[in-house]
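Structure first, then comments.
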Amino acid sequence: MSELAKAYEPQEVEKKWYAAWQEAGCFRADESSEKEAYAIVIPPPNVTGILHLGHVLNNSIQDILARRARQQGKEVLWLPGTDHAGIATQAKVERELRESEGKTRRDLGRDEFLKRVWDFKNTHGDIIIKQLKRLGCSCDWSRERFTMDPEYTKWVSQVFVDLFNEGLIYRGKRMVNWCPVSLTALSDEEVIMKPSKSKLFTMKYELSDSPGEFIEISTTRPETLMGDVAVAVHPKHPKYSKWIGKMVKRPFPEALIPIIGDDAVDLEFGTGALKITPAHDKVDFEIGLKHGLEIIDVLHPDGNMNTPDLPEFDGMDRFVARRAAVAKLEEMGLLIGVEEYENSVGYSERADVPIEPRISMQWFLRYPEIGKSTEAVANGDITFRPARWAKTYAHWMENLQDWCISRQLWWGHQIPVWYRKDKLNDLKNAESLETKDAEAGDIYVGVEPPTEGDWERDEDVMDTWFSSWLWPFATMSDVGENSQTLKKFYPTADLVTGPDIIFFWVARMIMAGYRFEDQLPFKNVYFTSIIRDLKGRKMSKSLGNSPDPIDLMDKFGADGLRFGLMRIAPVGADVRFDESSVEEGRNFANKLYNACRFRQMDGNEFAPLPAVKGLPVYHIQVMAKLDKLQADLEGIYGEYRFGEIAQRLYEFLWNDFCDKWLEAVKADLRESATAEARAAALGTFDAVMSRYLQLLHPYMPHVTEELSERMDYVSKGEFVMSKVLPDTPLLAELSPGEIEAADKQATAIYETAGRLRNLKAEYNVGSRKDVRFIFKGAAAWLSGEINVLALLAGAAEILTDDAYEAPKGTPAAVTPVGEAYLPMEGLIDVEAEKIRISKEIEKMQIEVKKAEGKLGNASFVDRAPPEVVEQEKQRLEDWKTKLAQLGEMLDALK
RNA sequence: GCGCGCUUAGCUCAGUGGUAGAGCACAUCCUUCACACGGAUGGGGUCGCAGGUUCGAACCCUGCAGCGCGCACCA
């Protein structure tokens, strides 16, 4: 028997087993296996990333699914990797460069800068991988991928080339979301609308041919006034429509601009007149196009003013310029009013500054396979859990806009397009570039650079998600089209991810899967909860409300963290995280460990289970409960209700196994117990515990592996993680009737013990073990269970005596197995007992009344299902019996 | 404006038609030889509000309120 410390210490154990699993190759997927395939691809964390609780939840679920699939005898591939995360990574390296050397990326030049980013990736990129290992993730690390691996990059380029040739990718001058900090275009998804307290300024422009007459205009952005090229009014505007076609004076720089009519203008809003700045507003841009208006860009890419004609504004920050413009308008007497105004302003997701609508030359993708992809989710070929996300998905798919895929960054996959040097200027300013331009030989689009001629490559890189959307198959197919991995494991089974990237990633992967592999990439998508703090706020670094999972693992163990988090994560709702749940996870591991420690007092050699027929009812009951647990879990796994699984596992061990069975069985492990009783107890323990450890393993892999070894449940060199879960119930040989009979008896004993303890507590002898109980009218079978009952109730002796005449005032209780008395010197108190019993009778009478009322209601008896009525009758009968017994007791006191 | 979700014990949450639950917190007792990261006992809820359906509603329907999220608009 190995000495076990009193409390479970996970740190060393977890490290040891993770190393052992890796050493033994337990995580490796065999692409030539005959077994049924099960695959998950990890949502690749950013290389710059550090593990947070969202990762913990997400990867715990994936690990549970992977480990569960292995237990079902499947060949499992959990494919890990990281994402190059263009903007985030580049920004991080640029910041370090600025802080340590005071340089910008342009100081270094593209090649040198990229070298720095690679250095960063090579030194920091595996931090999060190490952290995932610490958590116990059973990924096949031999297949770890990075979105900028050479083979992966080739895939990305190939996809670009194919889609370009198909006419789905084109370059064009468009209004895009521009981040003035990151200095790049962003996709619509990377813009976050934030409600903001703004000011709505109302100003007036004077009509050129009727001095003294003004048109009033409201705006939130007076600083773009220099870019105004028109004033638009609704054609039905009561006051202004008659002025359509007239010119007004733009105050600075002074110019005459026309009043135009357009029904895009909202009559109700502001004054009903709208200043048109095509360069800096999406709606204005479209109106400008329609009316053939000039585009005047008054901002630099970094968001500072670009107004050489107005030196007082030139180079000014856009928000400073706003105040300056207002001041100037006021000075000129053109400002009419300022009001507080709530509107939504688009912010750059990464840089967290207001984005600037800006016209620029960008590459766009017309999404492929929209119809099929929409249909796949609608008809259930792909299941979303919770299902309501399917609606969100459908809505987005219906309103798809072309995807801006080019980014003005250096870190990423460079656009595989080359321009003929002699036509460079024309090409760079061309309104659009498409397939025909490649056919004409002006541009070259290919995976490999052109071999002859003088070309210059497009400087832009692609949106990170343009590589991520290929993740499910690009990670599997890097040994060519005939990759066995791809054949064996694609499409994958489950995708586990956050609902916040349903558009960024999930929807796009579905389209890519159909387009490039002609198959959906996964069958189920499980959207995890978003983790918030106790105040309901999102976890974030800036709020400092995000606990470090590594600290939590140091404190409570990886298993404790996993279990604690899983147990509180609801399906489809946010989870409010509190450290106490992780503490509970740790406590649970400790409880499990100590249950096994108790067993080891009787040695740690596996004890075979004797024939189940004729075993004590407690043993049969606990095995029946385990069988039911296993069967139930099967169904709950099918519904992906992970929190409920954890809860069921928790309740079985703590309540059924430890609190009840383990206490009852102590009677059979005493020195005085027979060898037969001991063997039955130990055999039951091992049968139940070995199976239970398997059931728990996906949630708490380390402690279950440790205990399986220590308890002799696996043979040398074998791992519980690789062991197939048997599907035969422990009690396969017993009939349901036999099981039910045992269950009833065991339950009666446990309930009776509870009543006796309750009685002791009420008389303040809860902790005394020297008490004696006497039963009157006890069931015949009780005599065989007296020892166990005494043990559970904490009594020195329990007697049955139908002729017993209790002294008046003796504490007494009605139990499922008869009337119980607690005769003890000093406890006898007639008045107290009268009050206590009367209270109980009162409670009981209410119940009886309720039941009688129900059964007296003809509609209930006629219309409710017969079993419900039967149940109600049974209940009433029980209560009446009890009431009668209590009545007798009360009478005896009088 | 459209859509989705939530509202159950002090806190965090289970519970989808048939006697209101768990964990934590709280109170009392117990350091009894698996576990104080523990055991025992107990207090605590008109299940957001108002209607409706039903023999019966926390659960189904309608409306309302509060909170949260997404989308669109936002001069």
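Computed from heavy atoms alone, side chains included, the values below leave out hydrogens, waters and symmetry copies. Keep in mind it's a predicted model, so treat the numbers as computed, not measured. Protein chains get the first letters and strands the later ones, always in sequence-line order, with residue 1 at the start of each.
- Atom pair A:Phe527:CZ and B:C69:P shows a separation of 19 Å (rounding to whole Å applied).
- Distance from the side chain of A:Arg641 is smallest for B:G15 among the nucleotides B:G15, B:G18, B:A36.
- Figure legend. B:G66 is base-paired to B:C6; pairs are counted as Watson-Crick or G-U wobble with both atom distances under 3.5 Å.
- The ring of A:Trp661 has its center no closer than 6.0 angstrom to the ring center of A:Tyr618.
- Looking at the side chain of A:Phe503, the nearest of the listed nucleotides B:A34, B:C71, B:G23 is B:C71.
- The partner of B:G1 is B:C71, by the rule that a Watson-Crick or G-U pair needs both atom distances under 3.5 Å.
- Going from the P atom of B:A65 to that of B:C49 covers 16 Å, rounded to whole Å.
- Side-chain rings of A:Phe384 and A:Tyr526 stay apart, their centers remaining 6.0 Å or farther from each other.
- When Watson-Crick and G-U wobble pairs are counted only if both distances are under 3.5 Å, B:G21 pairs with B:C13.
- Cation-pi geometry between A:Lys666 and A:Phe598 is met: under 6.0 angstrom from the ring centre, within 45 degrees of the axis.
- The nearest whole Å value for the distance from the CH2 atom in A:Trp396 to the P atom in B:A72 is 11 Å.
- At a threshold of 4.0 angstrom between heavy atoms, the contacts of A:Ser580 with the nucleic acid are absent.
- In summary, the aromatic rings of A:Phe657 and A:Tyr692 are positioned with their centroids too far apart to meet the 6.0 Å limit.
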Quick one: what's the B/S/- string for nucleotides 38-45 of chain B, heavy-atom cutoff under 4.0 Å, read 5' to 3'?
-> SSSSS---
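- Taking 3.5 Å as the limit, the base of B:C37 and the side chain of A:Arg586 contain a donor-acceptor pair of atoms between them.
- Computed from coordinates, the A:Ile531 CD1 to B:U12 C1' distance equals 14 Å when rounded to whole Å.
- Base pairing of B:C26: its partner is B:G42, meeting the Watson-Crick or G-U wobble criterion (both donor-acceptor distances under 3.5 Å).
- Within the 3.5 Å criterion, the main-chain N or O of A:Ala7 finds no donor-acceptor partner in the side chain of A:Asn590.
- Partner assigned to B:A34 is none, using Watson-Crick or G-U wobble distances below 3.5 angstrom.
- The CZ-C1' distance, from A:Phe577 to B:C24, rounds to 14 Å in whole Å.
- A distance of about 15 Å separates the C1' atoms of B:C13 and B:A20, rounded to the whole Å.
- Taking atom P in both B:C35 and B:C69, the straight-line distance is 48 Å, to the nearest Å.
- Across all strands shown, A:Asp281 has heavy atoms under 4.0 Å from sugar-phosphate atoms exclusively, and none from any base.
- Using a 4.0 Å cut-off, no side-chain N or O of A:Arg388 falls inside it from OP1 or OP2 of B:G5.
- The phosphate of B:U32 (OP1 or OP2) has no side-chain N or O of A:Lys769 nearer than 4.0 angstrom.
- Residue A:Pro386 is classed as having no contact, given no heavy-atom separation below 4.0 Å to the nucleic acid.
- Under the 3.5 Å distance criterion, the side-chain polar atoms of A:Glu14 are matched with a main-chain donor or acceptor of A:Ala558.
- Comparing the P positions of B:C64 and B:G5 gives an interatomic distance of 16 Å, to the nearest angstrom.
- One N or O donor and one acceptor, one from the side chain of A:Lys666 and one from the base of B:A34, sit under 3.5 Å apart.
- Annotation for A:Gly557 and A:Gln11: closest pair N-NE2, 4.1 Å, computed over non-hydrogen atoms.
- Taking atom P on both nucleotides, B:G48 is separated from B:A14 by 14 Å, rounded to a whole Å.
- Of all nucleotides present, none satisfies the Watson-Crick or G-U wobble test against B:C47 with each distance under 3.5 Å.
- Nucleotide B:U54 forms no Watson-Crick or G-U wobble pair with any nucleotide shown, as no partner meets the under 3.5 Å limit on both distances.
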Taking it one step at a time, do A:Lys275 and A:Asp284 satisfy salt bridge (charged side-chain N to carboxylate O under 4.0 Å, His left out)?
-> CA-CA 8 Å; A:Lys275 74 188 200 65; A:Asp284 291 9; 6.0 Å; no
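- Using P as the reference atom, B:G10 and B:G44 are 11 Å apart when rounded to the nearest Å.
- Distance A:Asp284 CG to B:C73 P: 14 Å, rounded to the nearest Å.
- Spacing of P atoms, B:C11 relative to B:U16, comes out at 23 Å, to the nearest Å.
- Relative ring orientation between A:Tyr637 and A:Phe642 is described as perpendicular, the plane-to-plane angle rising above 60° on a 0-90° scale split at 30° and 60°.
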